[in-house]
Each structure stands twice: as C-alpha cells, then as structure tokens.
Amino acid sequence: MLDDALKNYTRENVYPFHMPGHKRHMNFGVDPYQVDITEIEGFDNLHEPEGILLEMTKRIERLYHSGESFLLVNGSTSGNLTAIFSATDWGDEIIIGRNCHKSVYHAAELRRLKVWYTKPEVDEKGMVTGTPMEEYERAIRLHPKAKAVVITSPTYEGMMEPVEAVAELAHKNGMLLIVDGAHGAHLGFHPYFPKSPLELGADMVIMSLHKTLPSMTQTAVLHINKDAEVESWKVKKYEAMFQSSSPSYVLMYSIARCIGFLEQGESEFDVYKNNLESFYEDCEKLKHIKVECKKGQDPGKLVLDTTKANISGYQLQQRLRESYGIELEMASFYYALAMTSVMDTEGGFSRLKNALFEIDATCQKREGALVALGDCYHIGEKREELFTAAEQPRVLCPVCEAVGKIAGGMISIYPPAVPLLVPGEIIEKEMIQMILQAREAGLTINGLELQKDGREAVSVIVN
C-alpha cells in the first residue's frame with residue numbers, strides 16, 4: 001500500500017538527494033488536512049486573484065524581477081503548455097530543442113504546430129553539454145516563420161544554454177524565446193549560481209519551485225519578462241485552462257512558505273554555497289569516480305561521473321541506495337545525478353562524500369573504451385507532423401523490427417522524460433540502439449508496450 005510504503009521510507013532514514021527541494025525538512029511541514037480548503041470568503045481565487053493570492057504573486061514578481069508572474073499548482077508542465085499556447089496560434093511553426101521535456105512536445109501536438117528542432121551536443125557519458133549558437137542560427141535561418149524558440153536551461157544536469165545570445169537572435173527575427181527553466185527556480189538568488197534566464201532576456205520562463213527550493217511537488221511559476229511582447233490576457237486564459245479549477249490550497253500554502261524563505265534566505269544560500277564548495281574540493285581526491293562542475297553549469301547538480309571507473313551510473317545509484325541509504329535523483333549509462341537544494345545539510349553532503357570514497361576504493365580503472373552510445377537526440381526523417389501522427393491508426397511492432405517504420409507513439413527515458421522516438425518520424429537504427437542500450441543499463445523507459453508473446457514493442461503508424 002502506498003501509505004505504508006511512504007511511512008516506511010521516512011522511517012528508514014534514507015537521505016534524499018532527489019527532488020522535492022524541501023528535502024522533507026520539518027520547518028516547512030504542516031498537517032495538509034488543516035490547510036486543505038477551497039475558495040471560501042477571504043482566501044481569494046487563483047484564477048481571478050484580487051486579495052492574498054494577488055499579493056503573493058506581486059511578491060514573486062519582486063523576487064524574480066519579472067513583469068508579471070503566475071502561480072502554478074499543476075507543475076511546470078502546465079507552464080510549458082500555457083507559454084506555448086500563448087506564443088502561437090493554431091497551425092503556426094515553432095522551433096524547439098530536441099532535448100525538451102515531453103510536455104513541450106505535447107503542447108505542440110495540442111496546438112497543431114509544425115515543429116522544427118535544434119540539436120544539442122552530447123558528451124561521452126550521454127549527457128547534454130549544450131547547444132552551439134550555430135545550431136540556433138541554422139534553425140532560425142531555415143525556418144523564419146517560426147513564432148517562438150523553446151529551449152531547456154538549465155537542463156536536468158544543470159547545463160546552461162546561451163540564453164542571452166539566443167534571446168537576441170530570436171528577437172531580431174521576430175520570435176519569442178520560451179525557456180523551460182524548471183530546474184532553475186533558485187537561480188538569481190546568489191552570485192555563486194548562474195544567472196536566471198529571465199535576467200538574460202527570455203520572454204517567458206517556467207520554473208518548478210519544488211525542484212530546487214523548499215516547496216511541495218507540483219508547485220511552479222510562469223514569468224513574463226518586463227520587456228516581452230506577450231499578450232498577458234492569453235497567458236491568463238491558458239493558465240486557467242491547463243490548471244485545475246479547484247487549485248490546492250495545500251500547494252499554495254507551500255508556495256507562500258517558499259516565498260517567505262526566499263525573502264529572508266540570503267544567509268541560507270551562503271551556507272549552501274559553502275557546503276557545495278567543500279564537497280567539490282574534497283571529492284577532487286577521488287581516484288575513479290569523478291565529481292566536477294563545468295564552467296557555467298549549476299553547481300547544485302552533482303554529476304557523479306563513472307566514465308573512468310568500472311561501474312555504471314546505474315550500479316552506483318544502486319550501491320548508494322542499498323548500502324548507504326542515499327537515494328539519488330537519477331542514473332544513466334556513465335553517470336548518476338544527485339540533486340541538491342538550499343535545504344541540504346552539511347551532514348547530508350558528508351554522508352554522500354564518505355559513501356563515494358568507500359565505493360571509489362572498491363572500484364578499478366575502467367579498461368578499454370566506453371561503449372559507443374546511440375544518439376539520444378537523433379532527429380529522424382519527418383513523415384507526419386506530431387498532431388497528424390497522433391490521429392493515424394497504429395499497431396505494435398517488436399522493438400528490433402521497427403527500423404524503417406513511422407513512430408506512432410513517444411518513447412522516452414525517464415527521467416528526464418525527453419523523447420527518443422517522436423511520433424511521425426522514421427524509426428532509425430540509432431534510435432533502436434539507444435532503446436536497447438537503455439534497457440540493458442537498467443534505465444526506466446516510458447512508452448514501450450508488451451505484446452501477447454511477451455516481447456517489448458513500439459507503436460508504429462500503419463502504412
């Protein structure tokens with residue numbers, strides 16, 4: 001039973017190097033049943049705020065220096081849907097990063113948009129390192145009718161895109177820049193961390209408060225830049241459509257507590273910075289597992305690199321969980337990710353550091369070259385737009401027999417829920433290789449189905 005499992009997880013003293021960012025800190029705890037109300041007198045209405053919720057919104061606008069902000073209780077997913085619907089009209093063209101979250105693809109499908117892509121660069125361990133400006137210039141030059149460019153910054157692993165330059169390029173060509181900044185709600189509150197995409201000129205920025213700040217899961221905010229040519233009435237219209245008409249006061253209470261923390265939490269960010277710096281400095285002594293922060297990367301995302309060790313990212317995650325009671329956010333082929341927040345303790349960092357040193361002492365240097373990974377972000381030949389592919393009849397096809405067929409469904413590794421297969425594209429061998437490698441590595445794959453004979457299959461469009 002779920003209730004028993006959650007209670008047991010709390011009792012087991014597992015340290016959460018995963019979201020949500022409150023890290024189950026009791027200072028932010030409250031009996032949810034005590035604050036679970038509806039829009040009764042004196043408590044305002046999220047979709048027509050005039051009182052205390054409007055005041056909350058104004059406080060967020062001051063904190064983030066936005067032109068206008070909107071509270072979200074359906075997560076950044078609802079923010080991505082709202083932003084894309086607000087920036088486009090039915091049937092428009094849009095440019096999106098191939099590494100965007102599946103909610104961006106869902107928005108394009110629902111809005112019946114013609115989609116073009118920018119392709120990120122990926123390092124040897126399979127992690128996105130960023131998208132070169134030449135790629136943005138190419139996409140905008142080839143698709144000048146696009147209404148908006150959508151990018152992810154920071155990424156799941158904290159890598160930042162050249163937001164300022166992309167914003168300038170997009171604006172010069174009459175396009176809006178939408179940034180899925182779900183993992184960057186803490187940016188801009190301390191100089192140790194990269195600048196916020198909003199500060200760098202993005203027109204609309206979506207942030208998940210719950211990922212890196214002390215707020216409950218599903219709390220987020222959508223910002224409109226002061227200088228953005230965005231029609232506010234459209235944003236209001238669509239945020240109401242993509243959120244519940246009965247918004248949770250439990251979640252809004254959590255947002256209120258988070259706002260209060262940000263207004264007074266400068267010293268807490270100093271402590272967070274010191275903890276991170278000490279962790280990185282100490283981990284330089286590791287022999288096989290590496291923990292490094294690239295220039296421009298969010299240092300709050302601890303990428304545990306196993307490319308030089310005879311252990312996979314998934315195996316490292318398992319050992320930390322089973323032997324040390326440390327739960328990471330995610331693991332991939334040659335790295336694992338520990339998500340930190342301003343609420344992590346010095347003891348938590350020490351616990352992870354000590355565990356890594358013990359595991360590192362049992363590792364050996366990796367012999368031979370890394371297995372060449374398939375291209376996570378390969379862009380297949382498009383035969384159907386997303387919205388037309390969704391309406392076509394489809395059948396299941398065994399994974400290994402799907403090369404050359406047209407994808408009828410979306411396949412993604414979760415997390416970070418970025419599609420490997422996109423409906424309407426020809427399935428190429430690189431994509432199948434990636435699915436098989438992910439399965440072999442023990443990663444979670446969303447979208448695969450089982451046939452009656454037990455074989456895993458993908459959905460393909462009937463020719």
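In what follows, residues are counted from 1 in the order of the sequence shown. Remember, predicted model here, so these are calculated numbers, not experimental data.
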Task: Mutual orientation of the aromatic rings belonging to Tyr249 and Phe43 [parallel < 30°, tilted 30-60°, perpendicular > 60°] - done: perpendicular
Open item on the list: Using 30° and 60° as the class boundaries, would you call the ring planes of Phe85 and Phe242 parallel, tilted or perpendicular?
Closed with: perpendicular
- [ ] In sequence, state the C-alpha distance, the side-chain angles, and the governing distance for Glu61 and Lys58, and then conclude on salt bridge (charged side-chain N to carboxylate O under 4.0 Å, His left out).
- [x] CA-CA 5 Å; Glu61 290 168 0; Lys58 295 302 179 184; 3.5 Å; yes
For a quick check under 3.5 Å, do [X] and [Y] share a side-chain donor-acceptor pair by atom type?
{"X": "Asn80", "Y": "His106", "value": "no"}
{"X": "Tyr253", "Y": "Asp36", "value": "no"}
{"X": "Ser69", "Y": "His223", "value": "yes"}
{"X": "Thr131", "Y": "Glu161", "value": "yes"}
{"X": "Glu327", "Y": "Tyr9", "value": "no"}

Around [X], counting heavy atoms of other residues, nucleotides and ligands shown, do more than 12 lie under 6.0 Å from its [atom1]?
{"X": "Glu277", "atom1": "CD", "value": "yes"}
{"X": "Glu346", "atom1": "CD", "value": "no"}
{"X": "Glu322", "atom1": "CD", "value": "yes"}

Open item on the list: Quick check on salt bridge (charged side-chain N to carboxylate O under 4.0 Å, His left out): which of Lys294, Lys290, Lys125 does Asp305 satisfy it with?
Closed with: Lys125
If I take atom [atom1] from residue [X] and atom [atom2] from residue [Y], how far apart are they, to the nearest 0.5 angstrom?
{"X": "Thr57", "Y": "Glu68", "atom1": "OG1", "atom2": "CD", "result": "9.0 Å"}
{"X": "Cys283", "Y": "Lys353", "atom1": "SG", "atom2": "NZ", "result": "7.5 Å"}
{"X": "Met56", "Y": "Cys258", "atom1": "CE", "atom2": "SG", "result": "9.5 Å"}

Task: Any residue meeting side-chain contact (heavy atoms from CB on, under 4.5 Å) with Ala338, in chain and number order, not counting sequence neighbours - done: Phe17, Leu302, Leu328, Leu352
Open item on the list: Under a 4.0 Å threshold between the charged nitrogen and the carboxylate oxygen, would Asp375 count as salt-bridged to Lys119?
Closed with: yes
- [ ] Sort and list the pairs that fulfil ring-ring contact (aromatic ring centres under 6.0 Å, His included) and have at least one residue in residues 325-347, not counting sequence neighbours.
- [x] none
Task: Aromatic ring proximity Tyr272/Phe193, centre distance under 6.0 Å - done: yes
Open item on the list: So if I apply the side-chain contact (heavy atoms from CB on, under 4.5 Å) rule between Gln218 and each of Leu209, Asn74, Val73, which one comes out positive?
Closed with: Asn74
